[in-house]
Protein chains: 2
Amino acid sequence: MWGPPPEGLCPSALHGCLLHIDSKEKAERVLVRVQDLTPEKADQLIWLRARVHTSRAKGKQCFLVLRQQQFNVQALVAVGDRASKQMVKFAANITKESIVDVEASVRKVEQKIESCSQQDVELHIERIFVVSQAEPRLPLQLDDAVRPDTEGEEEGRATVNQDTRLDNRVIDLRTTTSQAVFRLQSGVCQLFRDTLTNKGFVEIQTPKIISAASEGGANVFTVSYFKTSAYLAQSPQLYKQMCICADFEKVFCVGPVFRAEDSNTHRHLTEFVGLDIEMAFNYHYHEVIDSITDTMVQIFKGLRDNFQTEIQTVNKQFPSEPFKFLEPTLRLEYTEGVAMLREAGVEMGDEEDLSTPNEKLLGRLVKEKYDTDFYVLDKYPLAVRPFYTMPDPNNMKYSNSYDMFMRGEEILSGAQRVHDPQLLTERAMHHQIDLEKIKSYIDSFRFGAPPHGGGGIGLERVCMLYLGLHNVRQTSMFPRDPKRLTP
Amino acid sequence: MWGPPPEGLCPSALHGCLLHIDSKEKAERVLVRVQDLTPEKADQLIWLRARVHTSRAKGKQCFLVLRQQQFNVQALVAVGDRASKQMVKFAANITKESIVDVEASVRKVEQKIESCSQQDVELHIERIFVVSQAEPRLPLQLDDAVRPDTEGEEEGRATVNQDTRLDNRVIDLRTTTSQAVFRLQSGVCQLFRDTLTNKGFVEIQTPKIISAASEGGANVFTVSYFKTSAYLAQSPQLYKQMCICADFEKVFCVGPVFRAEDSNTHRHLTEFVGLDIEMAFNYHYHEVIDSITDTMVQIFKGLRDNFQTEIQTVNKQFPSEPFKFLEPTLRLEYTEGVAMLREAGVEMGDEEDLSTPNEKLLGRLVKEKYDTDFYVLDKYPLAVRPFYTMPDPNNMKYSNSYDMFMRGEEILSGAQRVHDPQLLTERAMHHQIDLEKIKSYIDSFRFGAPPHGGGGIGLERVCMLYLGLHNVRQTSMFPRDPKRLTP
């Protein structure tokens, strides 16, 4: 079908298939970006590399839409001065998603091309070469993959279900929606780190293979480690606390955390990215809450100010209300939250943990009353928190601990930690934890430890909830759950 | 010994042991930083929280050195107006490494205090409280832990061996040397990401639990995954390549990589932090080399310009020559490297891989000839590289692949990857790899893949070699090797 591939960069040929770019020679050729194709470039002859998004032959012409990420432009091969019949036929036969190099002149158009991002120009192709050829049958169509579910239902048009997307992630990630989601996710990480670095935090790297289960032993993955066994860290908890005991004062880390929980829900993954914070404070753990909430607010502002295109792109497929937050962040005490729930008809005990539906409901009540999608729930019952949580000295039924919520779902859990080895031992015994197994943890506090606290944020949840999405698999590039280990 | 702990923040007491700071009440008290104790603060009454680095009682006085990270200041409790005999005794009994709050007046000193970072002032303590008490017997002394080995040998003074350090990492990390090493490491990560973000790269998060061994199957850790088995990723190779096939164009990631290699050397870890890069290029993989070397140069410059204090602190204990680099980076071809080695008397074949001693030797020869500690060795023999390496089209014995070296040790391995599924299949068969096991890898390239390349950098090695250290465990906070899984 292609005819013999021309040599090298085919300086003389007008169309053909480049074998593959194997760096045989360097080219001086400048490639223009699709997003830079504006009327200012009219009548210029340019080179461009892009994917064939669609192609449609019509008599002596072939119309192509050429795409680079979220940008696309219309292009035309027409029999005439530079293009032969064979070249039109060649262009018409290029499979969708193939990558092509084209030489083309940029032409202003009279009528805006509504279907493309570059609406004011089109390309008149003079040469076209296939750099990488896609197989003719795509496992999913990109246009289907960005269609809102409602539109699919109402108009009887195809949409793509989640497993098909994930099974063919390389193609699904090419959609405008996916590109926007993961560029925004990259932004969240950057904003998180930049904000904390400006506050004097130090980035640390903590080990993921550990010798003892970090938080009790349940839900932990086991690893074969030479002649022994090890575990995958469920959080960097111990290590970030050790860094505080080692005088780093304020630390953060970004890395994978592992939970061997057999939960098949919209918000659980077995491997996710933790954005973790730990800091020494002076006299009150609210200093920690203030640092974390300010960091979250900086992230929200950065996304709002710098990722509007991405947010709107995702909203086209998945409509949602803009994310609202207050400054300073709303902080409610647990008892206040329980009172609001009871007023709404929920029956629950003072020291009972919040169920997921009750968290959701409380999120709605808070939104109605305070008009915010982000808030802190402070002073959780001591009984529902891990043994290393500092009790509330003013009321031993409660603790110096907090969760943070976005759109009614938990994104962070944190607390002041017990930094006194004697109290820590007592609390562990109260929880009937085998002291031998947490000896090295307790020993970390024996040589002077400052009061400290922190928390861990789930990156995928933050992205999901900020964008108003409904499944954490949409914000994990290659999600892992009890049933999915591929791709 | 302490007497009963006073209530809360002990507003009236002059000394004592705070039970623990449990956030019972908020304090308006401002704590000053040690590094801000300069003559401008003379005669001010300030509060300070710091560790007791040393204490020495002498008649009616007690001299303390108070420390915050790399900064320290002399402090004095003397019987007189505000301090009683008991208070001097109390201060003298505070164990080293305990954390104290002191109220003190800042006094200029006539003679510089050479042993402290704050040489022009001392503190006259009026009140002192123990915030967190260290156990009296420290497993290692901080002064011993920063003593250069030579000084230890010559003067017969104690130094601390590596296992003792690592077993007691919480204390070892408090030394000026450790603080400097890991603050510099945090800087390397930040410089890496900032440089790439400025170049238009997108940060990605890749899974660490994978269903099939990513690079052949040797040296991989196995994980129990519910009712099946999985593996720990030996690199993000497949995933960063999938992101390129998914139109992200230029990506990087920072995260743990795992190697189940039973290597007990100064430069191998079973878990280390990979700084990974992958990018599409236009016509020649040297575009990739240029991006990576420029990124390394930006890191070297950033360290040189912003981490001079840290570099000098480390040099005090571990002397080394300043790290030298060229702009643009020196790139040698493999054959040139082999020729230099042969000229120095090494016997080796054209297509033979470099041994570690030969790498070291070549590093010395390159340093002598070109005066650089950083260079690229390009065009490795095809036979010694992985199956997915693009052959050199001009000489099939070689390949479009490269290593980068710092002070003669490899810190990065990279290549142009084969992006054509047919050639990739052929190369895999040539390497006798089971095609079934890499099916999904090969399939990633079936729907249009741009030419691309990249590489993976070992963070700990970069830090070790930049600082001229001799063991990668010095630049891993909590190193993992075949014999060490703790702390």
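Sequence lines set the chain letters: A, B, ... in the order given, protein chains first and strands last, and positions in each chain run from 1.
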| Any donor-acceptor N/O pair, B:Q190 side chain to A:R193 backbone, under 3.5 Å | no
| request: Name the option with the most non-hydrogen atom pairs under 4.5 Å to chain B; the candidates are A:E97, A:K227, A:Q205. | output: A:Q205
| query | With a 4.5 angstrom heavy-atom cut-off, which part of A:R137 approaches chain B: side chain, backbone, both or neither? | reply | backbone
| request: Evaluate the side-chain contact (heavy atoms from CB on, under 4.5 Å) criterion for residues B:K208 and A:K208: first the C-alpha distance (whole Å), next the side-chain angles of each, then the deciding distance (0.1 Å), finally the verdict. | output: CA-CA 10 Å; B:K208 305 309 163 198; A:K208 305 308 164 198; over 6 Å; no
| In Å, rounded to the nearest 0.5 Å, how long is the span from NZ of A:K26 to CG of B:N282? | 13.0 Å
| Cation-pi check, A:R49 onto B:Y283 ring (under 6.0 Å, within 45° of axis) | yes
| At a heavy-atom separation under 4.5 Å, does A:D262 approach chain B through its side chain, its backbone, both, or neither? | both
| query | Does a side-chain heavy-atom distance below 4.5 Å link B:T206 with A:M477? | reply | no
| Main-chain N/O of A:V202 paired to B:R183 side chain as donor or acceptor, under 3.5 Å | no
| note | So CG of B:L173 and CE of A:M242: to nearest 0.5 Å the spacing works out to 7.5 Å
| said: So for A:Q185, is it side chain, backbone, both, or neither that comes closer than 4.5 Å to the heavy atoms of chain B? | reply: side chain
| field | Contact winner vs chain B - A:A230, A:S229, A:P136, A:P139, heavy-atom pairs under 4.5 Å | value | A:P139
| field | Donor-acceptor contact below 3.5 Å, side chain A:Q179 vs main chain B:A246 | value | yes
| message | At a heavy-atom distance under 4.5 Å, which candidate from A:I99, A:V273, A:I209, A:T222 has the highest pair count against chain B? | response | A:I209
| Residue selection (most heavy-atom pairs with chain B, distance under 4.5 Å) from A:D392, A:T197, A:T270 | A:T270
| field | Main-chain N/O of B:Q69 paired with A:E249 side-chain donor or acceptor, under 3.5 Å | value | no
| field | A:P256 portion near chain B, given a 4.5 angstrom heavy-atom threshold | value | side chain
| query | Who among A:L459, A:T486, A:N400 has the most heavy-atom pairs with chain B under 4.5 Å? | reply | A:N400
| query | Does A:H284 use its side chain to pair, donor to acceptor, with the backbone of B:E25 at less than 3.5 Å? | reply | no
| task | Would you mind telling me which of A:P451, A:P207, A:S224, A:G255 has the largest number of heavy-atom pairs within less than 4.5 Å of chain B? | result | A:P207
| query | Is it the backbone or the side chain of A:F248 that comes under 4.5 Å from a heavy atom of chain B, or both, or neither? | reply | both
| request: Give, for atom CG of B:N168 and atom OG of A:S440, the distance between the pair rounded to the nearest 0.5 Å. | output: 11.5 Å
| request: Can you tell which part of A:L138 gets under 4.5 Å to a heavy atom of chain B, answering side chain, backbone, both or neither? | output: both
| task | Drop me the distance from B:L232's CG to A:L232's CG, to the nearest 0.5 angstrom. | result | 5.5 Å
| request: Side chain from CB out, backbone as N, CA, C, O: work out which of these in A:Q422 comes under 4.5 Å of a heavy atom of chain B, or both, or neither. | output: neither
| Side chain, backbone, both or neither: which part of B:E135 has a heavy atom under 4.5 Å from chain A? | both
| task | Look only at the side chain of B:Q133 and the backbone of A:G448, and say whether a donor-acceptor pair between them is shorter than 3.5 Å. | result | no
| Main-chain N/O of B:A449 paired to A:S132 side chain as donor or acceptor, under 3.5 Å | yes
| field | A:E203 backbone acceptor or donor facing B:S186 side chain under 3.5 Å | value | yes
| said: Taking the side chain as everything from C-beta on, heavy atoms only, tell me whether B:S211 gets closer than 4.5 Å to A:R480. | reply: no
| Relative to chain B, which segment of A:S476 carries a heavy atom at a distance below 4.5 Å: side chain, backbone, both, or neither? | neither
| Tell me, do A:F281 and B:I21 make a side-chain contact under 4.5 Å, heavy atoms counted? | yes
| Close aromatic pair by centroid cut-off 6.0 Å: B:Y225 and A:F258 | no
| message | If I take atom CZ from residue B:R174 and atom SG from residue A:C243, how far apart are they, to the nearest 0.5 angstrom? | response | 11.5 Å
| query | Which is it for B:I171 and A:R446 under the side-chain contact (heavy atoms from CB on, under 4.5 Å) test, yes or no, and what are the steps along the way? | reply | CA-CA 10 Å; B:I171 298 172; A:R446 294 198 188 280; over 6 Å; no
| task | Just do the side-chain contact (heavy atoms from CB on, under 4.5 Å) check on B:D247 and A:Q68 with the steps written out, would you? | result | CA-CA 7 Å; B:D247 290 348; A:Q68 273 173 356; over 6 Å; no
| request: Below 4.5 Å from any heavy atom of chain B, which atoms of A:R484 appear? Answer side chain, backbone, both or neither. | output: backbone
| query | Could you give the distance from CG (A:L140) to CZ (B:F447), rounded to the nearest 0.5 Å? | reply | 9.0 Å
| Test item: B:D22 and A:P391 side chains (from C-beta on) under 4.5 Å apart, heavy atoms | no
| query | Is chain A contacted by the side chain of B:E287, its backbone, both, or neither, given a heavy-atom distance below 4.5 Å? | reply | neither
